[in-house]
Amino acid sequence: MFAVHLLAFYFTKLKEDQIKKVDRFLYHMRLSDDVLLDVMTRFQAEMVKGLERDTHPTAAVKMLPTFVRSIPDGSEKGEFLALDLGGSKFRVLKVKVSEDGKQNVQMESQFYPTPKEITHGNGTELFDYVADCLADFMETKNIKHKKFPLGFTFSFPCIQTKLEEGVLLSWTKYFKVRGVQETDVVSSLRHALRKHKDIDVDVLALVNDTVGTMMTCGYDDQRCEVGVIIGTGTNACYMEEMSNIDLVEGDEGRMCINTEWGAFGDDGSLDDLRTEFDREIDLGSINPGKQLFEKMISGLYLGELVRLVLLKMAKKGLLFNGKISTAIRTKGKIETKHVAAMEKRKEGLQNTKEILMELGLTPSEEDCIAAQHVCTIVSFRSANLCAAALAAILTRLRENKKLVRLRTTVGMDGTLYKTHPQYPKRLHKVVRRLVPNCDVRFLLSESGSGKGAAMVTAVACRLVSQRKQIDEILASFELSEENLIEVKNKMREELEYGLKKETHATATVKMLPTYVCGTPDGTEKGKFLALDLGGTNFRVLLVKIRSGRRKSVRMYNKIFAIPLEIMQGTGEELFDHIVQCIADFLEYMGIKGARLPLGFTFSFPCRQASIDKGALVEWTKGFKATDCEGEDVVDMLREAIKRRNEFDLDIVAVVNDTVGTMMTCGYEDPYCEIGLIAGTGSNVCYVEEMKNIEIVEGTEGKMCINTEWGGFGDNGCIDSIRTKYDKEVDEGSLNPGKQRYEKMTSGMYLGEIVRQILIDLTKHGLLFRGQISESLRTRGIFETKFLSHIESDRLALLQVRRILQQLGLDSTCDDSIIVKEVCGAVSKRAAQLCGAGLAAIVEKKRENRNLEHLKITVGVDGTLYKLHPHFSRILRETVKEMAPQCDVTFMLSEDGSGKGAALITAVAKRLHNVGEN
């Protein structure tokens, strides 16, 4: 028993001694975590250089856009062919992807050799050989009669400008085919395929093997957004934000970047880490000075690195008693498969002995232990360097997503990773140590690069099909110039119908006289109360107006909520609530006893008989209080004040918010004769010649007309541009068949139109994985403010995804792009329709004055105009296009409806006083 322990101790001591000897000899290859963190930082800097336009040409890590914009979502289906060229064998595959409730991939493949006369021949021979092999495969499988989409895995660095095009930058590994560099390899393949008249193949995608690996794993795990190959060569790809890729137009979405990390260090950035053995490997390679990182890592070079180390140690008398065989001097005699065999846990030492003996050496036990440890250090360094670069990619992904902790999957492939017994475990361990804030799953790719090319092709086919369907749906929101001219002309007709006595009753654009016959002239002064009712909030304001050289308007206001039960209760309850709010405000301001003149902004269609009388035509914007339509709202307010019996007010004017907006801007700009509201609702007012207003007595002077244009189209005159989504929104509203134009243009409805489109797209399987969530079924969830956020140019898709997730919509990056596009189509149409309608009014003003050219200002208010990132611009552009003879200035109203009511009251008091005098 003692002898056994003694032997074990001796062997352990022997092993320790040999390991220490090798460690001392190869201390340069043993990398600490601090060194690896430094490599990680260097690689991050190289990635940025490769992505930025200015530094890309000189960057060692090329960061090539692949034009793969989407990973599989599980809905791909069809039959595809794939070619896989880039390793020791060339492979042709037929891949059948079926959905039928569960994802399923069936593959048939055949390997063809890549002899040296092909890999070192000329380009024509290479691509003819590839086409011949494909034709042979199709013949063998009896599928020559069918047309197939094809994906081409080409595992060499290419510059791509689209998915189905790629210009070869340089050959790597052991390929050196003449006449292919700086040419489009897809074009060469297509040319070769055309020689085979009996096959019909459409090359849809050129894919790097790393991308293929990511796509294959992405089909099984949709969290997969990184692909890594550690085989004959080494490389990585990952999904980068488009906004960070200077080389490709557009900021939307993501694109897979082929890092070509094998060239990391070609600019000297790793020189301090390269050993004499690395330099010797490089000098003896077919591409000296190139792919330096790859030469420290990949399967093509590890065996040779081990051979060079063993040779040097033998020369120094540290191994084999200084004896050197011819084989150990011969390049390529130790391959990576030998390294893997020597590092096996149980039989490793025995394998080492056999391999060394095959090399003509007579190794001792100590030699075998030392040689095995050389293999460990060389392969461990490889795993360490890979881990550092991969950690840099994972950190970039996490930072792009602005996450504290990233959860992701890395698709892995390559013979070194798959066949080396210790490699995967070492790599995983080091990655997790370097990026403790990333939860990484490593997923081994099955038939990665070939199947991946088919998956890229399948995704490309899916995206083409989806794009077609999405374009068809959104095409109904596109308005041609003819459409807009027709809207302008129809609006003009309806304006005239509303002004004429015989057609006014049936006109959809009501053209209501406001009895506001003057605009501010700067002499207005005093204290006024203003009420502002038009949405879910009600405001009471005290407005102090000063005249003269230092004219000014100062305002004090308080906002009160109007609960839904009040909005849709009885008229008495609504006006009692309003009076309660006024009482609270007067108390708050300490002016309960003062009988102040009051202007009432009431933003609903009213038929006025004078400036202080207004009968409600109909409720809009979600109000439905009973016993109000047809009643004078000023009388209802006076009666509610009487019922309260606490204070008295001098109600001078009832005003529409649009008129208030025009008056507010008119106080600053005498050219302002039009008011536009583009917010919760949509409306316009303008100053009309009295002679054109047949429904009011008198022909002298002017009067402001509240068009109530939201009802435009209620007679069916714009049905040709209404979509099925507009009809669904209308039918689900409180007032079906009414306010059709407003329902296509105002903030209250745009979000609901978007929601209807999203439901339809989801039903077609084009969004949210075909799952209509409970929240998407909920009416009103998609508020118009979300359109403004989603369409913001400053908002990354990641933030769009967050907005959708807040709404309970679990979206992918692709979903976010589509949602943004839908929002854009709906808001653009709304702005164009508003612009066409406004063009009709400015043209009418020009013709009223018999002018060749009109200069006019439009006072504007409303959240849609103010907050939406593109609405105002599209509106202005449309007006300019539709009314080229009018020079229209848009002036944003500051607090138009409240301040405007006070100004109208002040003007009315001034005009009343003038009349009395």
For residues 29-36, dump all side-chain donor-acceptor pairs below 3.5 Å to protein atoms at least two apart in sequence or in another chain.
unit_1: Ser32; atom_1: OG; unit_2: Val35; atom_2: N; d: 3.3
unit_1: Asp33; atom_1: OD1; unit_2: Arg433; atom_2: NH2; d: 2.8
unit_1: Asp33; atom_1: OD2; unit_2: Arg433; atom_2: NE; d: 2.8

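Of the possible polar contacts, one joining the Asp278 side chain to the Thr275 backbone as a donor-acceptor pair under 3.5 Å is found. Judged purely by atom type and a 3.5 angstrom limit, Lys176 uses its side chain to pair as donor or acceptor with the backbone of Ile286.
For Thr41, there are no side-chain hydrogen bond (donor to acceptor under 3.5 Å, both in side chains) partners at least two apart in sequence or on another chain. Under the ring pair (Phe, Tyr, Trp, His ring centres under 6.0 Å) criterion, Tyr417 pairs with His428, sequence neighbours left out. Evaluation of the ring pair (Phe, Tyr, Trp, His ring centres under 6.0 Å) rule for Phe152 yields Phe154 as partners, not counting sequence neighbours. Every side-chain hydrogen bond (donor to acceptor under 3.5 Å, both in side chains) that Ser382 has, sequence neighbours left out, goes to Tyr423. The side chain to side chain contact (heavy atoms under 4.5 Å, CB included) check on Arg407 picks up Arg223, Asp439, with sequence neighbours excluded.
Checking Asn235 against Asn258 by side-chain atom types alone, a donor-acceptor pair falls below 3.5 Å. Using a 3.5 Å distance cut-off with no hydrogens or angles, the side chains of Asp136 and Tyr112 do pair a donor with an acceptor. Side-chain atoms of Lys290 and Ser170 include no donor-acceptor pair closer than 3.5 Å. In summary, the side chains of Glu294 and Thr172 do not present any donor paired with an acceptor at a separation below 3.5 Å, with no hydrogens or angles considered.
Under a 4.0 Å N-O distance rule, the pair Glu399/Arg396 does not qualify as a salt bridge. The pair Glu225-Lys401 meets the salt-bridge criterion, since a charged nitrogen lies less than 4.0 angstrom from a carboxylate oxygen. Using a cutoff of 4.0 Å between basic side-chain nitrogens and carboxylate oxygens, Glu304 and Lys295 are not scored as salt-bridged.
Classification of the Phe293-Trp261 ring pair by plane angle, with boundaries at 30° and 60°, yields perpendicular.
Heavy-atom contacts from other residues, nucleotides or ligands closer than 6.0 Å to NE2 of His56 number more than 12. Heavy atoms of other residues, nucleotides or ligands lying less than 6.0 angstrom from NZ of Lys96 number 12 at most. Other residues, nucleotides and ligands place more than 12 heavy atoms under 6.0 Å from the CZ atom of Arg405.
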